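Shown next, in structure tokens, is the structure this report addresses.
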Amino acid sequence: MASREVSTMIKQGFISDPTLSLSSSPSRTTSTTTTSKLYSPSSSPPPQTESNRPIPNQTLFEMMSEEHLRDSKAIEESRKKTQTRIAKFLDELKTCSSNDWGLGSGDVRLTVVSRDGHRVSMDVHRRVLSEKSRFFAEKLSQRKEKGVSHTVEISECDDVEVYVETVVLMYSDDLKKRLIGENVNNVLALLQVSAAIMFDAGISSCLEYLEAVPWSEDEEEKVLSLLCQLELHGSMTEVLQRVLSKPSTSVRTDDTFLKLLSGVLQAKDDKARREMKTLISRLLREDSFDDNSRLDVSKDTLYHLCHRCLCSLVLCLSEAMCMDSSSQDRGVLMAEIAREADNLQWLVDILIDKRMANDFVKLWADQKELAELHSKIPTMYRHEISRITAQLCIAIGRGNILVPKDSRFSLLSTWLDALYEDFRWMRRASRSVDKRLIEEGLSQTILTLSLRQQQVILLNWLHRFLNKGDDYPNIQRAFEVWWRRAFIRQYADVPDSSQMQITICNYPT
């Protein structure tokens, strides 16, 4: 064999490199002996365990052989466990038939054969099979000779163990008690076999079990799938009531969502309210694109709740204006303001996620009375309200809200000054406030306006920023883009709409 071919085969792992091993197929013993020579006679080598034993230089064929051996061992162990359980069921079958039924030796030789050819035979009684199973009653009725043993074989079974256990159930007087302690998957398998052989008592007992025990999410999917497959009709109604209800209508669903969301908004315990907001937001955010018939919370319900929060904010701010600063109730009122603002933030998040927030931009921009009251309340109590403006600017800046230019400009005209004044408190009062995210959203929103509107807003910001510095949002990036648009690129009007004028300019480096 050419040396180049040998080298290639060594690299690919088909044969061992003779320079790396003392023999062509090194054994684990050889490797261990070689390694032990590295230690001095005075110190004993560490014990050889699976974790520190040297791995010999293996070929690809040896690795594949070991993997095949491991798989074979796993299959063999699983088969032994199955055989042990089957033997246990067969012993139980003998005990039940002799003690409880007193029928003596069986007169039917029942053999169950798996798809891989594994066979299990058992001596059972024709009377029991006929009384318990309509399938066996029909098959055995064709042979009515007394004193004659019959042989019945069921071929290509999915699970021999389950078939044997189902036969054992036929000899049980209390099936419900017999199923206590079983897991859901095993009972589903028993239900499937019981339905196949028309073992009505077994079907009823399995359904009673499934109706009574809790399910995991995976088990729930399996239960629904199997019941739909078996089509047991009336007998499975009790089980399905856990997950199915009468056909819903949009009105009924909307009423339910209104009660749920209202309950969360009015919750008295702050921690519980926060936890349920997080949970409901996650549930509402779940994918529903594959299910067009799914009923979801409606836009009308969400905006109804938004109006309710806005009315509460106006009322709270009005009361705060008339309240003496030394009043003991002032702290309670300010906490109510913060809570209603937080509620409104949550609703706006839901509207944005569901792409329903376009109308809220105009609604929020029209809150002139609320903005006027806001300016007369101490910043430490009102800053949560300004976070709503920040939310909308972030969403507009990301393209998640699409509204006309007039609505965007009206939003900033009404609430931008309040956002400037509250920005310092927003940053300090909450760790969840991302300064750069707000600045980026605000910058992008400003840059969607006309050039003249950009100039008005950015010159006003520059005057404030030069006097207050970091207490104001840093939107220098928007200022830079506006500057270039206004003084460097200077796009000219195009008189003919059918032609496009392109101006090429060099950016300063």
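The structure presented is a predicted model; accordingly, all values stated were derived computationally and were not measured.
A salt bridge links R339 with E336: the closest approach of a Lys/Arg side-chain nitrogen to an acidic carboxylate oxygen falls below 4.0 angstrom. With respect to the salt-bridge test (charged N to carboxylate O, under 4.0 angstrom), the residues K277 and D342 qualify. A salt bridge links E131 with R127; the closest basic N to acidic carboxylate O contact falls under 4.0 Å. Under 4.0 Å is where a charged nitrogen must lie from a carboxylate oxygen, and between R273 and D270 at least one such pair does. A salt bridge does not link E220 to R242: none of the charged nitrogens lies less than 4.0 Å from a carboxylate oxygen. Looking at R126 and D107, no side-chain N of the basic residue comes within less than 4.0 Å of a carboxylate O on the acidic one, giving no salt bridge. Comment: R178 does not engage D174 in a salt bridge, judged by the lack of any side-chain N to carboxylate O separation of less than 4.0 angstrom. R134 has no carboxylate O lying under 4.0 Å from a charged side-chain N of E138, or vice versa, which leaves the two without a salt bridge.
Scanning both residues, S262 and L305, for their nearest heavy atoms gives OG-CD2, 3.5 Å. W346 and L261 get closest at one heavy-atom pair: CH2-CD2, 3.5 Å. Nearest approach of F257 to D296, heavy atoms of both residues: CE1-C, 3.6 Å. In terms of heavy-atom proximity, F135 sits nearest to I197 at CB-O, 3.1 Å. The heavy-atom pair separating V160 from S114 by the smallest distance is CG2-CB, 3.4 Å.
A donor-acceptor contact closer than 3.5 angstrom links the side chains of E384 and Q345. Between the side chains of S298 and D300, no donor-acceptor pair of N or O atoms lies under 3.5 Å. Side chains of R387 and H383: a donor-acceptor N/O pair is absent below 3.5 angstrom, by distance only. In this structure, a donor-acceptor pair under 3.5 Å is absent between the side chains of S386 and W415. When only modelled atom types and interatomic distance are considered, R477 and S443 share no side-chain donor-acceptor pair under 3.5 Å.
A 4.5 Å side-chain heavy-atom check between K222 and V184 finds every atom pair outside the cut-off. Side-chain contact check for L191 versus L210: some heavy-atom pair is nearer than 4.5 Å. Proximity of L207 to E238: side-chain heavy atoms (C-beta onward) are nowhere separated by under 4.5 Å. Residues L240 and L224 form a side-chain contact, since some pair of their non-hydrogen atoms from C-beta on lies under 4.5 Å apart. Annotation: side chain of M122 is not in contact with side chain of V168 (no heavy-atom distance under 4.5 Å). Taking the side chain as every heavy atom from C-beta outward, N343 and E340 approach each other to under 4.5 Å. Residues F199 and L175 are in side-chain contact: their nearest non-hydrogen atoms beyond the backbone lie under 4.5 Å apart.
Between the E221 side chain and the E217 main chain, no donor and acceptor come within less than 3.5 Å of each other. Put simply, the side chain of T445 gets close to the backbone of C393: a donor and an acceptor are under 3.5 Å apart. A donor-acceptor contact shorter than 3.5 Å links the side chain of Y209 to the backbone of E182.
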| Could you walk me through whether L351 and D359 pass the side-chain contact (heavy atoms from CB on, under 4.5 Å) check? | CA-CA 10 Å; L351 288 171; D359 291 342; over 6 Å; no
| said: Please evaluate residues K362 and D366 with respect to the criterion salt bridge (Lys or Arg N to Asp or Glu O under 4.0 Å), reporting the C-alpha separation (whole Å), side-chain torsions for both, the decisive distance (0.1 Å), and the verdict. | reply: CA-CA 6 Å; K362 186 176 186 305; D366 291 340; 3.2 Å; yes
